[in-house]
**Student:** 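Supplied in structure tokens, the structure appears directly below.
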Amino acid sequence: MTSLSAERRSLDTALERAGFYPRLVADVVHDALDGRAPLSHVVQLETHFDRNEVHRHITVLVLTEDMLVVAHVDDQQLDEAGEHVMAQISTESVPVSQISSVVLSYVYAQPQNYTSSDQARELTLAIAWTGGQRLDMGPAGCADPECDADHGYTGTIAQEDIVLRVSVEADGAEAVENAKSFARALRKANTGPAGGGHPQSSDGSGSVAGRFSRNRHLR
């Protein structure tokens with residue numbers, strides 16, 4: 001029980017550190033946990049600038065023994081002075097046994113000089129559970145720079161419900177390591193006897209992009 005209590009304190013500390021309506025977000029997340037003890041978590045805050053407005057979005061992932069809880073909170077100014085603000089909150093509870101794919105992709109700088117102690121500069125975690133797919137299309141080309149023929153289109157298909165991309169430059173080295181630890185805990189829960197054992201879970205394969213969020217927040 002001590003380790004579980006410590007993880008809950010760690011989650012609350014991460015929400016406080018993010019500074020995005022921490023009490024509100026904590027209450028929503030703990031309500032979604034429905035008394036379950038957190039085993040691992042990821043908290044990521046994003047800030048978007050739209051003309052004279054500032055929009056923030058926080059995504060929280062919390063893993064329990066049998067459930068993955070995903071929470072999203074956005075805020076929006078209702079007046080130019082920013083005196084009236086609205087928060088929109090959504091939570092999703094996904095049984096661990098329903099998760100079909102856990103994909104990790106890494107980016108390393110100067111791979112020719114790689115050593116085992118080197119940290120990834122960037123990590124992308126994609127989690128799928130509904131069977132939904134994302135299709136990225138673009139014009140196809142060829143090796144001839146003089147060619148102006150129509151080669152049709154090419155693209156990649158990625159299965160994902162949520163994508164988290166963290167980097168040392170944007171989020172810090174600790175955030176990258178925390179995301180990696182969360183992915184390991186999720187894979188362990190998903191592929192173990194209680195999770196049902198999905199052979200699709202993999203490490204470093206697939207094509208994924210974008211920030212960590214539900215489909216409408218990907219950019």
**Student:** Measure the shortest side-chain to side-chain distance between L125 and I162 over non-hydrogen atoms and say whether it is less than 4.5 angstrom.
**Tutor:**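 Heavy-atom side-chain distance check fails, nothing below 4.5 Å.
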**Student:** Measure the NZ-CG distance between K188 and L39 for me, rounded to the nearest 0.5 Å.
**Tutor:**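 CG of L39 is found 9.5 Å from NZ of K188.
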**Student:** Ignoring hydrogens and angles, tell me if any N or O in the side chain of S100 forms a donor-acceptor pair with the backbone of A128 under 3.5 Å.
**Tutor:**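 It does hold such a pair.
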**Student:** Any side-chain heavy-atom pair from E16 and T13 closer than 4.5 angstrom?
**Tutor:**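 Heavy-atom side-chain distance check fails, nothing below 4.5 Å.
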**Student:** Looking at V166 and A175, what are the two nearest heavy atoms and their distance?
**Tutor:**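 Smallest heavy-atom distance, with atoms named: CG2-O, 4.2 Å.
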**Student:** Quick one: pull up OG in S93 and CG in L33 and give me the separation to the nearest 0.5 Å.
**Tutor:**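 Reported to 0.5 Å precision, the distance equals 8.0 Å.
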**Student:** Does E146 have any side chain to side chain contact (heavy atoms under 4.5 Å, CB included) partners at least two apart in sequence or in another chain, and if so, which?
**Tutor:**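 Here the qualifying residues are D144.
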**Student:** So which heavy atom on W129 is nearest to which on L68, and how close?
**Tutor:**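 Between these two residues, the closest heavy atoms are CZ3-CD2, 4.2 Å.
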**Student:** Of all the heavy-atom pairs spanning M67 and V96, show the shortest one and how long it is.
**Tutor:**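 Looking at all heavy atoms of both residues, the closest pair is N-CG2, 3.4 Å.
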**Student:** Specify whether Y114 and Y108 have parallel, tilted or perpendicular ring planes, treating 30° as the upper limit for parallel and 60° as the lower limit for perpendicular.
**Tutor:**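 Rings of Y114 and Y108: perpendicular, over 60°.
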**Student:** For E174, I'd like to know if atom CD has over 12 heavy atoms of other residues, nucleotides or ligands within 6.0 Å.
**Tutor:**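 Atom CD in E174 is not packed in, count stays at 12 or less.
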**Student:** Go through L61 and L63 one step at a time and tell me if the side-chain contact (heavy atoms from CB on, under 4.5 Å) criterion holds.
**Tutor:** CA-CA 7 Å; L61 291 185; L63 176 66; over 6 Å; no
**Student:** Hey, does the side chain of N190 reach the backbone of I99 with a donor-acceptor pair shorter than 3.5 angstrom?
**Tutor:**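 Yes; at least one donor-acceptor contact below 3.5 Å.
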**Student:** Taking all atoms of both residues into account, what is the closest heavy-atom pair of R165 and D171, and its distance?
**Tutor:**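 So the minimum-distance heavy-atom pair works out to O-OD2, 4.1 Å.
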**Student:** Could you pull out all residues at least two apart from S117 that satisfy side-chain hydrogen bond (donor to acceptor under 3.5 Å, both in side chains)?
**Tutor:**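 side-chain hydrogen bond (donor to acceptor under 3.5 Å, both in side chains) check on S117 returns T115.
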**Student:** Side-chain contact, heavy-atom cut-off 4.5 Å: L123 with L104?
**Tutor:**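 In short, these two side chains touch, coming nearer than 4.5 Å.
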**Student:** Between S167 and A170, which heavy-atom pair has the shortest distance, and what is it?
**Tutor:**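 Of all heavy-atom pairs spanning S167 and A170, the closest is OG-N, 3.1 Å.
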**Student:** Apply side-chain contact (heavy atoms from CB on, under 4.5 Å) to V60 and L11, showing your working.
**Tutor:** CA-CA 9 Å; V60 183; L11 170 60; 4.3 Å; yes
**Student:** Please list every donor-acceptor pair under 3.5 Å in which a side-chain atom of residues 177-185 meets a protein atom from a residue at least two apart or in another chain.
**Tutor:**
unit_1: E177; atom_1: OE2; unit_2: Q119; atom_2: NE2; d: 3.0
unit_1: N178; atom_1: ND2; unit_2: H41; atom_2: O; d: 3.2
unit_1: S181; atom_1: OG; unit_2: E177; atom_2: O; d: 3.1

**Student:** Restricting to side chain to side chain contact (heavy atoms under 4.5 Å, CB included), what partner residues turn up for D31, sequence neighbours left out?
**Tutor:**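 Expected list: none.
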**Student:** How many angstroms lie between CD1 in I58 and CG in L15, if you round to the nearest 0.5 Å?
**Tutor:**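 Interatomic distance, I58 CD1 to L15 CG, rounded to 0.5 Å: 6.0 Å.
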**Student:** Hey, quick one: are V102 and Y106 part of the same hydrophobic cluster, counting side-chain heavy atoms closer than 4.5 Å, chains of contacts allowed?
**Tutor:**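 V102 clusters together with Y106.
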**Student:** Distance from Q98 atom CD to T130 atom OG1, nearest 0.5 Å?
**Tutor:**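 OG1 of T130 is found 8.0 Å from CD of Q98.
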**Student:** Are R36 and E65 ion-paired here, with the side-chain N under 4.0 Å from a carboxylate O?
**Tutor:**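 No, R36 and E65 are not salt-bridged.
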**Student:** Scan the side chains in residues 21-30 for donor-acceptor partners under 3.5 Å anywhere in the protein, sequence neighbours excluded, and list what turns up.
**Tutor:**
unit_1: Y21; atom_1: OH; unit_2: D75; atom_2: OD2; d: 3.0
unit_1: H30; atom_1: NE2; unit_2: D12; atom_2: OD1; d: 2.7

**Student:** Between V70 and H72, which heavy-atom pair has the shortest distance, and what is it?
**Tutor:**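 The pair with the smallest heavy-atom distance is CG1-NE2, 3.6 Å.
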**Student:** Which residues pass the side-chain hydrogen bond (donor to acceptor under 3.5 Å, both in side chains) test with T64, not counting sequence neighbours?
**Tutor:**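 Scan of T64 (side-chain hydrogen bond (donor to acceptor under 3.5 Å, both in side chains), adjacent residues dropped) gives D66.
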**Student:** Inspect the contact between E46 and R56 and indicate whether a charged nitrogen and a carboxylate oxygen are less than 4.0 angstrom apart.
**Tutor:**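 The answer is no: the pair does not qualify as a salt bridge.
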